[in-house]
Amino acid sequence: MDIVLLGPPGAGKGTQAQRLSAKLGIPQIATGDVLRAAVRDGTPRGLEAKAYMDRGDLVPDEVILAIMKEALASDGARKGSILDGVVRTLPQAEGLARVLKELGRKVDAVLFFNVAEGELVKRLGGRTVCEKCQTPYTGKEAGSVCEKCGGTLVRRKDDEPEAIRNRLAVYGKQTAPVLDWYRKAGVNVRTIDAVGSQDAVTARALEAIGK
Ligand code: AMP
């Protein structure tokens, strides 16, 4: 089963992708995580992506399509994937459909994580993430210890106010139309109320995909 998670930055896609991945036994594919690792490792891909990411702009589609292809064709993803923040433009949605088709698969469901903008700004402004396993936290200071892996929590550079504003604008302009594209393509698109406890949101997501 291949499931696309869509929604604005701060909607909780990463947290829910980890939980759904554990429940369904299929890997989370997160282009943001792959790109941050590339930036940390100083690879050519990371060097290309860094300036876009720091500003909160989207990285070029070719880079994302290459990551998408590698990740979906990997052994671990043979039974499916949770695509977290992987599809953010129409060319990416089309590219994903092509890559999956070559593998004899398709997007089985799109889960749209719905959160009001004021809440998003609050969440992103108070967010830290583990620099090792990428688990996000709200209400924990930078420098605290990750409950999952013992790594150190840091603030993301793109969670500064200026970049947050830009990411929300970019989402509205480039990513929101992807939802309609999926609806028109006849894909099962489900809106998830993404406000509430992590357990409640996971339960809603599982129900939406009939699990
Ligand atoms: P995320 O961790 O999903 O919020 O992604 C962090 C940043 O990585 C984004 O603001 C973009 O600069 C870049 N990025 C991640 N995924 C994509 C994508 N599918 N398309 C374009 N840029 C992306």
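When a residue number appears, it is its place in the shown sequence, counting from 1. Just follow the structure's listing: the first ligand is 1, and inside any ligand the first atom is 1.
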Engineer: Run the side chain to side chain donor-acceptor pair (under 3.5 Å) test against E70 and tell me which residues pass, sequence neighbours left out.
Structural biologist: R45
Engineer: Give a yes/no verdict on a cation-pi contact between R167 and Y171, requiring under 6.0 Å between NZ or CZ and the six-membered ring centre and an angle within 45° of the axis.
Structural biologist: no
Engineer: Quick one: name the residues clustered hydrophobically with L153, using the 4.5 Å side-chain heavy-atom rule over I, L, V, M, F, W, Y, and just say none if it's on its own.
Structural biologist: Y137
Engineer: Provide, line by line, the atom pairs where ligand 1 and the protein bring an N/O atom each to a distance under 3.5 Å; else say none.
Structural biologist:
{"residue": "ligand 1", "atom": "2 (O)", "partner": "R36", "partner atom": "NH1", "Å": "2.9"}
{"residue": "ligand 1", "atom": "2 (O)", "partner": "R36", "partner atom": "NH2", "Å": "2.9"}
{"residue": "ligand 1", "atom": "2 (O)", "partner": "R156", "partner atom": "NH1", "Å": "3.2"}
{"residue": "ligand 1", "atom": "2 (O)", "partner": "R156", "partner atom": "NH2", "Å": "3.3"}
{"residue": "ligand 1", "atom": "3 (O)", "partner": "R88", "partner atom": "NH2", "Å": "2.2"}
{"residue": "ligand 1", "atom": "4 (O)", "partner": "R156", "partner atom": "NH2", "Å": "3.0"}
{"residue": "ligand 1", "atom": "5 (O)", "partner": "R88", "partner atom": "NH2", "Å": "3.4"}
{"residue": "ligand 1", "atom": "12 (O)", "partner": "D57", "partner atom": "O", "Å": "2.6"}
{"residue": "ligand 1", "atom": "16 (N)", "partner": "T31", "partner atom": "OG1", "Å": "2.8"}
{"residue": "ligand 1", "atom": "16 (N)", "partner": "G85", "partner atom": "O", "Å": "3.3"}
{"residue": "ligand 1", "atom": "19 (N)", "partner": "G85", "partner atom": "O", "Å": "3.1"}
{"residue": "ligand 1", "atom": "19 (N)", "partner": "V86", "partner atom": "O", "Å": "2.9"}
{"residue": "ligand 1", "atom": "19 (N)", "partner": "Q92", "partner atom": "OE1", "Å": "3.0"}
{"residue": "ligand 1", "atom": "20 (N)", "partner": "Q92", "partner atom": "NE2", "Å": "3.0"}
{"residue": "ligand 1", "atom": "22 (N)", "partner": "V59", "partner atom": "N", "Å": "3.1"}

Engineer: Got a salt bridge between K106 and D108, using NZ or NE/NH1/NH2 to carboxylate O under 4.0 Å?
Structural biologist: yes
Engineer: Is it true that E207 and R204 have a side-chain N and a carboxylate O under 4.0 angstrom from each other?
Structural biologist: no
Engineer: Test of understanding: with salt bridge (charged side-chain N to carboxylate O under 4.0 Å, His left out), list the residues that count as partners of R190, not counting sequence neighbours.
Structural biologist: none
